[in-house]
Engineer: 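Handing you a structure now.
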Protein chains: 2
Amino acid sequence: MSNIRKVAELAGVSVATVSRTLKMPERVSPLTRDRVLAAVEQAGYRPNLMAVQFRSRKTRNLVVLVPVIANVFFARVISGIQEAAQAFDYRVLLCDTLGREEVEVAYAELVRAHQADGVIQLRAFNPFSDAGSDGACMPPMVNACEVLDIPPCPTVRLDNRAAAREMTEHLLGLGHRRIGLIKGPQGSPLTRERIAGYEDALKAAGVDTDPALICRGNFTLQAGYDAAGQLLASPERPTAFFCENDEMAIGAIKRIREAGLRVPDDISVAGFDDIPFAAFCDPPLTTIAQPAEAFGRHAVEMLVAQFEQHSLEATHLVLPHQLIVRGSTAAVTQ
Amino acid sequence: MSNIRKVAELAGVSVATVSRTLKMPERVSPLTRDRVLAAVEQAGYRPNLMAVQFRSRKTRNLVVLVPVIANVFFARVISGIQEAAQAFDYRVLLCDTLGREEVEVAYAELVRAHQADGVIQLRAFNPFSDAGSDGACMPPMVNACEVLDIPPCPTVRLDNRAAAREMTEHLLGLGHRRIGLIKGPQGSPLTRERIAGYEDALKAAGVDTDPALICRGNFTLQAGYDAAGQLLASPERPTAFFCENDEMAIGAIKRIREAGLRVPDDISVAGFDDIPFAAFCDPPLTTIAQPAEAFGRHAVEMLVAQFEQHSLEATHLVLPHQLIVRGSTAAVTQ
DNA sequence: GTGAAAGCGCTAACAT
DNA sequence: ATGTTAGCGCTTTCAC
């Protein structure tokens with residue numbers, strides 16, 4: 001492997017000049033530049049990034065912690081992250097954490113180990129808990145999608161409460177009064193917010209909330225299927241199911257059909273996320289669209305701004321959602 | 001940030017001893033080891049990975065080139081890659097290439113730039129084309145899923161031809177004679193193999209192949225929808241659609257329904273991949289199951305074996321597939 | 001078993 | 001505009 005010294009010899013200049021030619025060409029005379037570039041070409045020289053990064057104390061790597069990459073929504077977020085990172089000339093170190101905190105901590109440590117410049121965390125967990133909640137010695141991090149309640153760092157999120165409220169209002173508007181809620185995993189702020197929005201809407205409509213209508217899920221098809229089974233078995237069956245993501249909604253629809261009931265005629269089903277499958281389901285799914293790729297892009301932008309000391313116009317971004325009404329929800333029939 | 005020298009001073013030993021304590025503890029006396037470890041603790045020392053990697057010329061990074069991470073199948077493969085990489089103490093540099101060759105080349109170059117030790121490429125494209133097809137100066141690479149016809153490197157693949165043949169035989173066995181094929185993007189060997197398998201089966205059954213029955217797709221829901229539209233419009237409508245992935249099959253089902261036809265009563269639909277949605281569709285999708293995560297795991301194993309000079313028992317792995325018959329295919333009705 | 005010291009390839013301060 | 005040089009933090013001979 002040829003190194004900078006070989007190139008310098010070939011071009012008859014010093015290593016400093018080679019380095020400058022590559023990093024700040026304007027500070028080198030055109031003549032020298034041509035000579036150096038020719039030598040670079042001839043030697044087939046490619047800078048050793050390990051050395052560059054080591055020396056300049058910048059890796060241009062970002063650690064991305066994703067709870068489950070096999071989840072369609074997260075896959076889209078990652079896609080946005082990767083796209084933006086590429087545009088800023090950063091690379092993505094991906095970790096599919098499966099929600100295991102020790103794994104998240106270990107990967108986040110890569111920043112302290114000088115293997116990455118910052119972290120994008122897509123789950124509401126601070127992998128730098130030891131840094132003190134004051135954020136005194138917090139490495140650069142951005143929290144996106146499911147964000148911490150009291151964020152020690154910039155966040156990009158949805159107004160989950162408002163979105164859930166809108167969806168619940170949509171269902172109430174169709175005449176539904178018993179609305180089952182299939183929620184996400186325990187302890188997720190995202191789920192807490194959405195429940196709050198659901199309750200806001202019910203309260204505003206003067207409808208009693210019934211804890212029996214709220215079922216735990218975990219964002220998988222199977223969880224939606226199982227939870228729907230529970231709701232169907234409840235003494236006073238709900239006429240609508242609001243699922244906290246589209247996968248669970250699709251799972252729920254399957255279960256409802258197996259019970260010999262029709263969607264939306266007997267039971268309306270709503271999802272959340274608007275994954276591509278939502279539009280192609282039968283019936284097409286009423287859901288809340290989230291700008292998944294935009295979450296990723298903004299997260300990268302905010303993180304890079306942190307590195308490069310740009311002041312952010314906003315450190316807590318809320319991206320817009322949109323209620324998408326399709327065929328899986330309909331007026332309640334008496 | 002504390003470095004190895006600080007730790008050495010604290011422990012009253014040389015930097016060499018600190019390094020040895022961390023990398024080959026058995027070569028250090030228990031007493032010294034304790035002293036050093038205590039000093040490491042006290043200093044809050046974490047080795048600078050940039051320096052370690054620079055010095056030892058090993059990054060423990062793997063570049064992964066994925067055509068579309070938002071594709072459920074690939075997301076599962078990535079999940080397997082990430083899991084295995086973690087187990088071997090490697091990190092994953094992810095690139096969602098969207099099939100753009102210049103992006104693939106640029107990322108693959110990270111290996112030559114000493115930023116990664118090897119590449120896992122999930123598409124049939126050699127990003128090191130300049131290395132000479134003899135593979136003389138090919139950096140370590142493993143090709144998985146959609147592999148090159150004449151691979152310059154180890155591969156992990158499915159027997160796509162056999163799988164497609166099996167599926168076609170399944171449809172023929174149900175009495176279908178006009179079987180539409182919705183294929184993947186142009187120029188993909190994967191698609192070529194599957195068409196070959198489809199034709200093998202037809203030929204063996206003495207059924208004429210009809211080029212009009214083969215439609216181009218691109219593995220998206222929309223492509224399946226569109227292609228199904230075309231097939232439905234053909235003068236002699238097929239009684240079965242074989243789609244080269246599940247997304248397109250789900251898109252096709254939607255289109256078929258919109259035409260007022262029933263699946264499988266009027267038209268049988270088969271997919272490929274067995275993504276989680278396949279089982280939750282209506283009707284549940286007949287498909288070919290692929291061990292997606294296993295592709296990822298094996299790819300990592302083979303790549304790591306290359307680095308560490310383990311001889312591989314096989315450099316061209318073929319993983320098993322399985323025909324999964326569900327409700328979307330049925331006997332043709334006269 | 002431990003230490004001294006060279007040096008990986010590069011950048012950046014300083015000198016010219 | 002260009003060259004000289006001192007490291008960055010670590011691993012790894014080579015002595016002892």
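Note on naming: letters A, B, ... go to the chains in the order of the sequence lines (proteins, then strands), and numbering restarts at 1 for each one. Just so we're clear, the structure is a prediction, and the values are computed from it rather than from any experiment.
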Engineer: Within the pair B:N3 and D:dG9, is there a side-chain N or O less than 4.0 Å away from OP1 or OP2?
Structural biologist: yes
Engineer: Nearest whole Å is fine: how far is D:dG9 P from B:L49 CG?
Structural biologist: 14 Å
Engineer: With a 4.0 Å limit, can you tell me whether A:S14 has a side-chain N or O closer than that to the phosphate oxygens OP1/OP2 of D:dT4?
Structural biologist: no
Engineer: With respect to the side chain of A:A16, which nucleotide from D:dG3, D:dC8, C:dC10 is positioned closest?
Structural biologist: D:dG3
Engineer: When A:C145 is tested against each of A:T155, A:N160, A:L122, A:V66 for side chain to side chain contact (heavy atoms under 4.5 Å, CB included), which residue passes?
Structural biologist: A:L122
Engineer: Hey, which sits more toward the 5' end of DNA chain D by its nearest nucleotide, A:T17 or B:Y45?
Structural biologist: A:T17
Engineer: With a 6.0 Å cut-off on ring centres, are A:F307 and A:Y90 close enough?
Structural biologist: yes
Engineer: Out of C:dG1, C:dT11, D:dC10, which nucleotide sits closest to the side chain of B:T32?
Structural biologist: C:dG1
Engineer: Does a nitrogen or oxygen in the side chain of A:S56 sit under 4.0 Å from OP1 or OP2 of C:dT11?
Structural biologist: no
Engineer: If you only use heavy atoms from C-beta on, which nucleotide in D:dG3, D:dT11, D:dG9 is closest to the side chain of A:F54?
Structural biologist: D:dG9
Engineer: Using a heavy-atom cut-off of under 4.0 Å over every strand shown, decide if B:S29 touches base, sugar-phosphate, or nothing.
Structural biologist: sugar-phosphate
Engineer: Report the distance from atom CZ of B:R27 to atom P of C:dT2, rounded to the nearest whole Å.
Structural biologist: 11 Å
Engineer: Would you indicate whether the side-chain heavy atoms of A:F54 and B:R55 approach each other to under 4.5 Å?
Structural biologist: no
Engineer: Are side-chain heavy atoms of B:Q115 and A:M50 found at a separation under 4.5 Å?
Structural biologist: yes
Engineer: Could you give the NZ-to-P distance, from B:K6 to D:dG9, as a whole number of Å?
Structural biologist: 8 Å
Engineer: Does D:dG9 have its OP1 or OP2 closer than 4.0 Å to a side-chain nitrogen or oxygen of A:R57?
Structural biologist: yes
Engineer: Reading DNA chain C from 5' onward, which residue's closest nucleotide shows up sooner: B:E26 or A:S2?
Structural biologist: B:E26
Engineer: Could you tell me how far apart B:M24 (CE) and C:dG3 (P) are, to the nearest whole angstrom?
Structural biologist: 14 Å
Engineer: Rounded to whole angstroms, how far apart are CD on A:E9 and P on C:dC10?
Structural biologist: 13 Å
Engineer: Could you check how far CZ of A:R5 sits from C1' of C:dC8, rounded to whole Å?
Structural biologist: 9 Å
Engineer: Between the base of D:dG3 and the side chain of A:R20, is one N or O donor paired with an acceptor at under 3.5 angstrom?
Structural biologist: yes
Engineer: Over how many whole Å does the gap from A:R55 atom CZ to D:dT5 atom C1' extend?
Structural biologist: 11 Å
Engineer: Tell me, with the steps shown, if B:R112 and B:E109 meet salt bridge (Lys or Arg N to Asp or Glu O under 4.0 Å).
Structural biologist: CA-CA 5 Å; B:R112 287 190 175 137; B:E109 283 304 321; 3.0 Å; yes
Engineer: Could you check how far CE of B:M50 sits from C1' of D:dG7, rounded to whole Å?
Structural biologist: 17 Å
